[in-house]
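For reference, the structure discussed in these notes is given below.
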Amino acid sequence: EKGGYEHFMLKEIFEQPKSVHDTMRGRLLVDEGIIKMAGIWDHIEKFKNANRIIIIACGTSWHAGLIGEYLIEEYARIPVEVEYASEFRYRNPIITDKDVVIAISQSGETADTMAALKLAKEKGAFIYGICNVVDSSIARITDAGSYTHAGPEIGVASTKAFTAQLTILTLIAFKLGKHNGNLGNAEFMSLISELEAIPKKIEEVLNTTHELTQNIAKDFINATNFLYLGRGYNYPAALEGALKLKEISYIHAEGYPAAEMKHGPIALIDENMPIVIIAPKKGHYDKIVSNVQEIKARKGKVIAVVNKGDEQVSAMADYVIEIPVTSECFSPIVASVPLQLLAYYIAVYRGANVDQPRNLAKSVTVE
Ligand code: F6R
């Protein structure tokens, strides 16, 4: 049932061209120029009149939520807050019936997310669910929602569910933006055509980085720390890259917005510190170039995720992972794939049980 792959995690990483496609199936209708999502459309007034959207989640799903914030604010211009469910539920949050709460959960069973939703519901907020497991507890208590349709995710470390969550959030942002007039028709059309081609780009990245990430992984099996840096849309992608590495390889890793480096983490950088930096051309590239210069001046080992044909960052980096060029908003989907592979191979070479990491459970049904 692992389909010839050594682990579920690797199988699920390789399923992403298909799972992202499945997430869009029946929703993204490029020829007709529309995004069809009944859960949004049936409640469009709620979204239109919302004072703000609050996204609630844990772990990887929370990282997807952060990217959702960038997407929804950029394209639909609705204010978004993203909260850890565990913090939200215990801090007496201000919630009104003008708030739309979006819960993101692969399993649909996460106890903290569930409890946070119950609280928001009591206060009269409209609750939207983005779940992978059909008919799960969270899916059942929401007022409406969209399933990610990524298929069962067996590996404890979330991979294809994450890229499916990003796909749904992208669809929601574009749909709301188109509807409320913040996203013009020409830009909408060009974005949705590009989105339709993302599965192909994921496929390409899998082909071009599978061997490369294995070779890079071999050089880092004895590392004790990693930093992951990115800016804009790729800041949450850096958080997610770091989470993947720590949960399956047990190497300590931290994700940071690249510019925050000089406010603390730079003190950690020496020749023993590997730094994964996500540096596509369309995301504050010049700023990232200076961040890489600062790292190299301190002899940090740079593993750079760059666009094909990149020159400036590539010339300074110790390892270069190329991904295809996309609009900035799609880059976390594509950039996450080699980071999943890198974490996977580092963990495998360290002899870790990647599908069932110690101390972790697939659904966290206790707080
Ligand atoms: C990370 C991971 C966890 C989950 C988190 C939320 O790989 O698997 O961080 O993302 O426990 O789980 P769901 O999405 O099921 O609510």
Side-chain angles (χ1 to χ4, degrees), residues 7-13 15-16 19 23 55-68 82-89 101-118 120 127-142 145-169 228 236-251 253-255 332 336-337 339-344 346-347 352-367:
H7 297 99
F8 283 109
M9 182 174 173
L10 190 61
K11 171 174 178 262
E12 288 160 6
I13 291 171
E15 273 171 0
Q16 288 174 110
S19 53
T23 303
I55 299 179
I56 291 174
C58 303
T60 290
S61 299
W62 182 77
H63 295 153
L66 290 178
I67 296 170
V82 188
E83 296 231 28
Y84 282 120
S86 57
E87 287 299 314
F88 180 84
R89 62 182 285 205
V101 170
I102 299 181
I104 308 176
S105 177
Q106 188 288 128
S107 63
E109 302 296 343
T110 302
D112 277 319
T113 308
M114 185 70 181
L117 286 187
K118 283 186 178 152
I127 318 282
Y128 200 86
I130 299 177
C131 296
N132 194 46
V133 176
V134 174
D135 212 28
S136 50
S137 307
I138 292 173
R140 277 186 275 117
I141 80 149
T142 50
S146 307
Y147 285 116
T148 40
H149 295 310
E153 192 179 63
I154 312 289
V156 164
S158 186
T159 53
K160 65 174 179 170
F162 176 67
T163 46
Q165 290 163 347
L166 297 184
T167 305
I168 286 283
L169 290 161
Y228 283 71
L239 297 181
E240 174 58 12
L243 178 61
K244 284 296 83 105
L245 185 70
K246 69 186 125 186
E247 66 186 336
I248 59 171
S249 75
Y250 318 137
I251 295 173
E254 276 191 78
S336 291
V337 174
L339 300 189
Q340 295 165 348
L341 287 170
L342 183 65
Y344 171 81
I346 292 176
N353 182 350
V354 289
D355 279 341
Q356 295 257 281
R358 66 186 185 202
N359 309 338
L360 294 176
K362 187 67 187 159
S363 1
V364 183
T365 52
V366 290
E367 68 171 287

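Because only heavy atoms are used, hydrogens play no part in the values below, and waters and symmetry mates are left out as well, while side chains stay in. Atoms within a ligand are numbered from 1 in the order they appear, just like the ligands themselves.
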K244 versus ligand 1: do any nitrogen or oxygen atoms come within less than 3.5 Å of each other?
yes
E240, Q16, K244 screened by side-chain hydrogen bond (donor to acceptor under 3.5 Å, both in side chains) with Q340, the one that passes
Q16
Looking at S158, which atoms of ligand 1 are within less than 4.0 Å of one of its heavy atoms?
7 (O), 8 (O)
Quick check: do Q356 and K362 have side-chain heavy atoms less than 4.5 Å from each other?
no
Before accepting this row, confirm whether a basic side-chain N of the pair K160/E15 lies closer than 4.0 Å to the acidic partner's carboxylate O.
yes
Nearest protein heavy atom to atom 12 (O) of ligand 1, by residue and atom, and its distance?
T110 OG1, 3.5 Å
Residue S105 vicinity, atoms of ligand 1 by number, heavy atom under 4.0 Å
13 (P), 14 (O), 15 (O), 16 (O)
With no hydrogens and no angle check, just 3.5 Å: does a side-chain donor-acceptor pair link Y128 and S146?
yes
With a cutoff of 4.0 Å, is A157 in contact with ligand 1, counting heavy atoms of the residue only?
yes
Report the member of E247, E153, E240, M114 with the shortest heavy-atom distance to atom 2 (C) of ligand 1.
E247
Atoms of ligand 1, numbered as shown, that sit under 4.0 Å from any heavy atom of S61:
10 (O), 13 (P), 14 (O)
Could you walk me through whether E247 and L360 pass the side-chain contact (heavy atoms from CB on, under 4.5 Å) test, one step at a time?
CA-CA 8 Å; E247 66 186 336; L360 294 176; 3.6 Å; yes
Quick test: of every protein heavy atom, which one is nearest to atom 5 (C) of ligand 1, and how far off is it to 0.1 Å?
C58 O, 3.7 Å
If you round to the nearest 0.5 Å, how far is CD1 of I104 from SG of C58?
11.0 Å
Any N/O pair Q165/ligand 1 closer than 3.5 Å:
no
Taking atom CD of Q165 and atom OG1 of T23, what is their separation to the nearest 0.5 Å?
9.5 Å
Nearest non-hydrogen protein atom, atom 8 (O) of ligand 1
V156 O, 3.1 Å
Nearest non-hydrogen atom to atom 10 (O) of ligand 1 belongs to which of D112, N132, T60?
T60
Residues R89, E367: salt bridge by 4.0 Å N-O rule
yes
Residue, atom and distance of the protein heavy atom nearest atom 11 (O) of ligand 1 read V364 CG2, 3.9 Å
Taking both backbone and side-chain atoms of T113, is any N or O found less than 3.5 Å from an N or O belonging to ligand 1?
no
To the nearest 0.5 Å, atom CD of Q106 lies from atom CG of N132 at 4.5 Å
